[in-house]
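For reference, the structure discussed in these notes is given below.
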Amino acid sequence: MDMKKWIVVTGASSGIGLQTARQLLENGYCVVATARNAQLLDQKFTTYSDTCIILPWDLSDPDRIKEYASLVHEKAGAVYGLIHCAGAQKTLPIHMLKSSNLTELFQINTFSGLLLVSAFAKKGYYMEGEASFLLISSLSAHEGAYGKTAYAASKAALEGFVKSAAPELAEKGIRINAVAPGVVRTTMVEKHFQQLTETQRNSTIGEYPLGLGESQDISNLLEFLISDKSRWITGQTILIDGGHTVRKC
Amino acid sequence: MEQRLLENMAEILEVEAEELTLDTEFRDDRFCWDSLKGYAVLVMLEEEFDAQVTVNDFLKASTIQDLLDFCEQ
């Protein structure tokens, strides 16, 4: 890799974001690692002093996304890619939904993703003809995800955005895609599993012909989609689910 | 704390708080009990009362008094 290719990775302190950021760094990319927890980011990325910019930020405040993007631009110049892994999950019976739940989920899962794309699509903020933006959706947006109505809606909104954004961004030489994973073993998922019975856990695991996913399964796909090996793919939502949607019924 | 728990349980069970007492068996058929309501109770206990209840302990609980006991520990 001749010139530095900076990739913004949000949600970089844990799970898919952490695995993705590390994998990109190991494979020669430069990463702007962002999450809310500055201490955790320092722990995870201090060894990458030349190729990693640690930039703690709370992306759930939509009014400060432009400020964040300006800071990235100041430190790293035009970015090669953006991978928005930051997100939250909520399981709640539909009759208990409140606007505060929706606001919380949509701000971090949806609005921040859309506004990050908007901010980095500004001239000078992206590497022309090469940039790739990726949003993390969820299988929940594609099936009857019981108890996850608000979460599924927040992720489905990203996918609608990706389709419409693709032609507009193509004119700037930017590709945009979404990745919709099934259940992946992350801290967030393990926490959710702790609140299930053994029967419920086994039922979930049994619905994945290839077993539950690992963060590296997702980071491998993200690395492909961020690179020019996927130069002819844009506007797509790619499901990666261990065979869940085609399981024996 | 007791009143707050009854109000939170009323919301999950879709009844008025006045219909519930500490002796109420929350898994009763009249509440159309299911795993999602169970999950909601566990999350509510943690978020509203800072009570970390394991699934195994929760499965042993049958009344709202049992849930209050978790909150008071």
Side-chain angles (χ1 to χ4, degrees), chain A residues 36 60 87-109 138-141 143-155 182-183 185-208 212 244, chain B residues 1-20 24-73:
Chain A
R36 281 176 303 181
S60 65
Q89 198 274 120
K90 198 153 192 84
T91 301
L92 203 59
I94 196 167
H95 72 271
M96 291 179 65
L97 276 184
K98 297 180 183 55
S99 63
S100 57
N101 304 131
L102 294 172
T103 301
E104 180 194 333
L105 278 176
F106 271 78
Q107 272 182 347
I108 187 58
N109 289 351
S138 168
L139 205 60
S140 299
E143 60 176 9
Y146 198 68
K148 294 182 173 56
T149 50
Y151 176 70
S154 74
K155 292 298 192 176
V183 177
R185 290 192 187 279
T186 62
T187 309
M188 191 166 85
V189 163
E190 294 297 342
K191 188 174 184 321
H192 173 68
F193 266 29
Q194 277 165 17
Q195 286 163 326
L196 301 181
T197 64
E198 193 177 340
T199 305
Q200 288 168 331
R201 281 197 295 274
N202 289 340
S203 172
T204 298
I205 293 166
E207 290 174 351
Y208 284 80
L212 298 189
H244 176 78
Chain B
M1 182 184 284
E2 179 184 322
Q3 186 55 34
R4 200 153 56 93
L5 179 61
L6 289 172
E7 285 168 0
N8 276 287
M9 285 302 292
E11 187 180 14
I12 293 171
L13 300 178
E14 300 185 78
V15 296
E16 298 299 320
E18 293 72 31
E19 295 177 48
L20 302 177
T24 300
E25 295 189 358
F26 55 85
R27 298 179 203 276
D28 193 274
D29 286 344
R30 67 184 158 118
F31 301 126
C32 300
W33 180 257
D34 66 6
S35 59
L36 186 54
K37 287 191 171 73
Y39 185 87
V41 171
L42 278 174
V43 171
M44 177 272 292
L45 290 174
E46 183 176 341
E47 291 184 356
E48 299 295 327
F49 298 94
D50 209 24
Q52 310 268 352
V53 182
T54 66
V55 170
N56 287 338
D57 284 344
F58 177 66
L59 289 175
K60 295 173 194 162
S62 58
T63 65
I64 297 182
Q65 177 65 60
D66 293 335
L67 301 182
L68 185 63
D69 291 344
F70 290 139
C71 298
E72 289 174 341
Q73 279 171 11

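Because the structure is predicted, anything quoted here is derived from the model rather than measured. Just so we're on the same page: letters track the sequence lines, and every chain starts at 1.
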### Message
Strictly distance-based, threshold 3.5 Å: is any side-chain N or O of A:R201 a donor or acceptor partner for the main-chain N or O of A:L196?
### Response
yes
#### Entry: chain A contact via B:I12 - which portion, at a heavy-atom distance below 4.5 Å
both
### Query
So what's closer than 4.5 Å to chain B heavy atoms on A:Q194: side chain, backbone, both or neither?
backbone
### Task
Measure distances from A:Q200 to the heavy atoms of chain B and classify the residue's part below 4.5 Å as side chain, backbone, both or neither.
side chain
### Message
Using heavy-atom distances under 4.5 Å, tell me whether A:K148 contacts chain B through its side chain, its backbone, both, or neither.
### Response
neither
#### Entry: Heavy-atom proximity to chain A below 4.5 Å, by part of B:N56
neither
### Message
Using a 3.5 Å distance criterion without hydrogens, assess whether the side chain of A:Y208 forms a donor-acceptor pair with backbone atoms of A:V183.
### Response
yes
### Main-chain N/O of B:G38 paired with B:R27 side-chain donor or acceptor, under 3.5 Å
no
### Query
Side chain, backbone, both or neither: which part of B:Q52 has a heavy atom under 4.5 Å from chain A?
neither
### Message
Check this for me: does any side-chain nitrogen of one of B:R30 and B:E19 sit under 4.0 Å from a carboxylate oxygen of the other?
### Response
no
### Query
Which heavy atom of A:S60 sits nearest a heavy atom of A:I108, and at what distance?
N-CD1, 4.1 Å
